[in-house]
Amino acid sequence: MKTLHYRWNRSLNWILTTLLGFLGFSSCEDNGDDPGNIICMYGTPTASYTIKGKVTDQAGQALSDIQIIVSDMEFSYEPRPDFIPDTPYGSHPVNDTLYSGKEGEFETRQAAFPIDTVKYNLKINSDENNPYYQADFLKVTFLRKDLQGGEGWNRGNTTQEVKIILAPQKEEDHE
């Protein structure tokens with residue numbers, strides 16, 4: 001039974017590899033610096049997008065323990081800094097929750113397919129830890145041309161630094 005299962009898996013892998021080869025997919029590429037050295041990789045091209053930020057109040061004082069939710073990622077196949085949020089090519093949920101540190105700082109790193117325009121939607125919450133500030137929203141846009149240091153299927157990384165200034169809630173909102 002094990003031999004039959006092994007032969008079935010091997011045959012199926014051969015068929016799928018052949019089919020993907022005919023469709024133009026490959027896991028190997030030539031190394032331009034050394035023509036005799038072929039690099040083989042398996043997986044999907046990825047890029048790393050880092051958002052670093054600081055949360056302050058209107059007076060510039062750092063706010064700690066502020067909840068920041070990276071809710072989703074929108075993307076487009078055209079590199080546009082004026083990316084229109086209502087008409088993305090597609091979106092993907094992220095649901096990453098983090099909190100600002102003692103100095104109001106936060107950092108999140110997301111990996112994604114290197115599409116022309118990637119926009120992460122952040123929601124800054126006032127929660128039970130800090131009920132005195134209004135919730136806010138932020139969109140952080142990355143362009144493919146900003147990716148640096150990529151090699152092979154790793155298309156590189158890029159970082160955006162943001163500053164979030166929260167306004168206090170109205171008195172009647174938190175009484």
Side-chain angles (χ1 to χ4, degrees), residues 20 25 27 29 39 41-175:
L20 289 172
F25 292 93
S27 61
E29 63 183 48
I39 300 171
M41 293 181 269
Y42 299 92
T44 303
T46 60
S48 178
Y49 302 96
T50 303
I51 302 169
K52 292 182 178 183
K54 185 169 185 174
V55 183
T56 66
D57 61 13
Q58 290 178 323
Q61 297 296 318
L63 298 176
S64 62
D65 296 322
I66 298 292
Q67 184 183 55
I68 300 143
I69 300 172
V70 183
S71 61
D72 65 333
M73 172 193 79
E74 298 173 346
F75 55 89
S76 171
Y77 287 105
E78 299 174 15
R80 302 180 300 166
D82 61 334
F83 183 62
I84 302 168
D86 297 335
T87 58
Y89 178 80
S91 66
H92 179 72
V94 176
N95 298 322
D96 184 16
T97 302
L98 52 143
Y99 290 86
S100 60
K102 289 182 181 180
E103 299 297 319
E105 74 284 341
F106 68 91
E107 180 176 332
T108 182
R109 180 172 297 166
Q110 304 293 325
F113 191 81
I115 299 172
D116 293 329
T117 305
V118 175
K119 181 171 281 193
Y120 285 97
N121 295 311
L122 279 63
K123 180 178 180 186
I124 298 86
N125 282 336
S126 61
D127 58 9
E128 60 274 357
N129 294 331
N130 285 298
Y132 303 107
Y133 297 97
Q134 293 180 14
D136 200 0
F137 299 91
L138 179 66
K139 294 181 182 283
V140 182
T141 303
F142 295 95
L143 300 177
R144 182 188 288 204
K145 68 177 183 159
D146 297 332
L147 293 171
Q148 298 177 357
E151 183 177 317
W153 283 19
N154 174 7
R155 300 297 192 229
N157 56 61
T158 182
T159 300
Q160 292 253 357
E161 293 193 23
V162 297
K163 187 168 184 178
I164 300 169
I165 301 171
L166 293 181
Q169 285 193 17
K170 299 173 187 154
E171 286 296 319
E172 62 270 6
D173 290 345
H174 62 84
E175 286 182 351

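All figures in this text were calculated on a predicted structure; none of them were measured in a lab.
Ring geometry, Y49 versus Y120: the interplanar angle falls from 30° to 60°, so the pair is classed tilted.
Note that NE2 of H92 and CD1 of I115 are 10.0 Å apart. Values are rounded to the nearest 0.5 Å. Between atom CD1 of residue I69 and atom CG of residue N121 there is a gap of 12.0 Å, rounded to the nearest 0.5 Å. Rounding to the nearest 0.5 Å places CG of L63 at 11.5 Å from CD1 of I124. Expressed to the nearest 0.5 Å, how far CZ of F142 lies from CE of M73 amounts to 11.5 Å. Going from atom CD1 of I66 over to atom CG of L98 covers 11.5 Å, rounded to the nearest 0.5 Å.
Contact record, A62 with G104: CB-N, 3.8 Å, taken as the closest heavy-atom pair. Nearest heavy atom pair, residue R155 against residue L147, reads O-CB, 3.6 Å. Heavy-atom minimum distance, S64 versus G101: CB-O, 3.0 Å.
Using a distance-only test at 3.5 Å, with no hydrogens or angles considered, no donor-acceptor pair links the side chain of Q67 to the main chain of Y99. No donor-acceptor distance shorter than 3.5 angstrom exists from the side chain of S76 to the backbone of T117, with no hydrogens or angles considered.
Proximity of Q61 to T56: side-chain heavy atoms (C-beta onward) are nowhere separated by under 4.5 Å. For the pair F106 and I51, the minimum side-chain heavy-atom distance is below 4.5 Å. A 4.5 Å side-chain heavy-atom check between K119 and S91 finds every atom pair outside the cut-off.
Listed by first then second residue, pairs satisfying side chain to side chain donor-acceptor pair (under 3.5 Å) with a partner in residues 100-115 read T50-R109, D96-T108, D96-Q110, T108-Q110, not counting sequence neighbours.
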Just distance, no hydrogens or angles: give the donor-acceptor pairs under 3.5 Å from side chains in residues 156-167, sequence neighbours left out.
from, atom 1, to, atom 2, distance (Å)
Q160, NE2, T141, O, 2.7

